[in-house]
2 protein chains.
Amino acid sequence: MAKELRRAPGPPERPAPSGLDDLDRRLVALLAEDARAANATLAAELGVAPSTCLTRLRSLRERGVLRGFHADVDLARVGLPIQAMVSVRLAVHHRDRVAAFRAAAPGLPGVVAVYHVTGQVDYLLHVAVADPDALRDFVVDHVLSRPEVAHAETSLIFEHVRGTAVGPPG
Amino acid sequence: MAKELRRAPGPPERPAPSGLDDLDRRLVALLAEDARAANATLAAELGVAPSTCLTRLRSLRERGVLRGFHADVDLARVGLPIQAMVSVRLAVHHRDRVAAFRAAAPGLPGVVAVYHVTGQVDYLLHVAVADPDALRDFVVDHVLSRPEVAHAETSLIFEHVRGTAVGPPG
DNA sequence: GCTGAAAACTCTACATA
DNA sequence: TATGTAGAGTTTTCAGC
């Protein structure tokens, strides 16, 4: 679907392929690591004036490089000690049905993340629930009950840790 | 009256099962949605004094309920347009070997997240890379080359969206 | 544990180089 | 585009409840 072939006289949107300079990249890395860092702190670490830092931050938000800032919550400590990855295979691959599932999935109760993937399964649902019963209820009531779902398989998640892809200064 | 009878003779750690009151939970939800919200704003939304809000926030951090705050970065716009889920099955399930993989995985180049799961595979590695070559190199050089890895299978990720498990006020 | 007030600090707009 | 300045606003400590 993504036709980025000739980007030339086309859309008025910013085509900027990776129009990020070194300062932008370092700011993104700092915020990936600590999204609550004060602007003054960020500026000091980057070696620029706070006002410059602010301008950059705004620009990164506007360009969609930074989509938001979220707390990393220990789900077990907020009453959701059981996490699972539910692999979902859809039956009918009609656009509408896929779209319906895609639209509904992130809002299903307990869903932490949704991955639309290639391969044996179509979706991976990362869910967090209070107890085993809630897990079964989730799969039965919200996944298997959907007409477009052909099959679902549940794996428990022992551990889920963040990687370093964008986090650390690297 | 919640009976906190004797929490005593056990371990010195906080056993607090879900020792969060309503205020704590609402604060966690607000920060899950916008981790950069000012303390004064959070306090106003919670209907408490800023100093109270600050105390709660600190306490949640200290208790490990809030593990950190991270920017949600559009990986495609920072030069990592290809994402994949690499399913890894380990060969030898010796504690040491599993531990070695577990320790190394989050630091491998391009790793966004690591899931240790039950079922057909042992680990799911969510990775983001610059191009298909980098994906192949990742799998060959950093996964298949490890002696404890028996098998790896790669699925492309078309889309990855956050769920609503902890995000919204609910 | 919550609050209010006060000092220190930070954010942010704007004019300028 | 980056910077310095200045007014407004915020953070954070602390005594008192």
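All figures in this text were calculated on a predicted structure; none of them were measured in a lab. So you know, we letter chains A, B, ... as the sequences are listed, proteins then strands, and number each from 1. Side chains included, hydrogens not; waters and symmetry mates left out as well; all remaining heavy atoms used.
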Please check if the distance between the ring centroids of His116(B) and His160(A) is under 6.0 Å. no
Report yes if the distance between the aromatic ring centroids of Phe101(A) and Tyr123(A) is under 6.0 Å, otherwise no. yes
Are Arg162(B) and Asp72(B) close enough for a salt bridge, meaning some N to O gap below 4.0 Å? no
So does Arg36(B) pair up with Asp34(A), basic N to acidic O under 4.0 Å? no
Send over the distance from [X] [atom1] to [N] [atom2], rounded to a whole Å.
| X | N | atom1 | atom2 | answer |
| --- | --- | --- | --- | --- |
| Leu20(A) | dT1(D) | CG | C1' | 16 Å |
| Leu54(B) | dG1(C) | CG | C1' | 14 Å |
| Leu27(B) | dG1(C) | CG | C1' | 15 Å |
| Asp22(B) | dG1(C) | CG | C1' | 16 Å |
| Leu57(A) | dT1(D) | CG | P | 16 Å |
| Leu42(B) | dT12(D) | CG | C1' | 15 Å |
| Leu46(A) | dA2(D) | CG | P | 11 Å |

Which nucleotide in the set [options] lies at the smallest distance from any side-chain heavy atom of [X]?
| X | options | result |
| --- | --- | --- |
| Asn39(B) | dT12(D), dT3(C), dA2(D) | dT12(D) |
| Ala49(B) | dT12(D), dG4(C), dG4(D) | dG4(C) |
| Arg56(A) | dT1(D), dA13(C), dT12(D) | dT1(D) |
| Ser51(A) | dT3(D), dC2(C), dG4(C) | dT3(D) |
| Ala40(A) | dT12(C), dT10(C), dT10(D) | dT10(C) |
| Ala38(B) | dT10(D), dT13(D), dT3(C) | dT10(D) |

Under 3.5 Å donor-acceptor pair, Thr52(B) side-chain atoms to dG1(C) base atoms: no
Hey, which sits more toward the 5' end of DNA chain D by its nearest nucleotide, Leu23(A) or Pro50(B)? Leu23(A)
For Asp24(A) and Arg63(A), what are the C-alpha separation, side-chain angles and deciding distance, and is it a salt bridge (charged side-chain N to carboxylate O under 4.0 Å, His left out)? CA-CA 12 Å; Asp24(A) 286 327; Arg63(A) 285 186 282 169; 3.4 Å; yes
Phosphate-side-chain proximity, Arg58(A) and dA13(C), N/O vs OP1/OP2 below 4.0 Å: yes
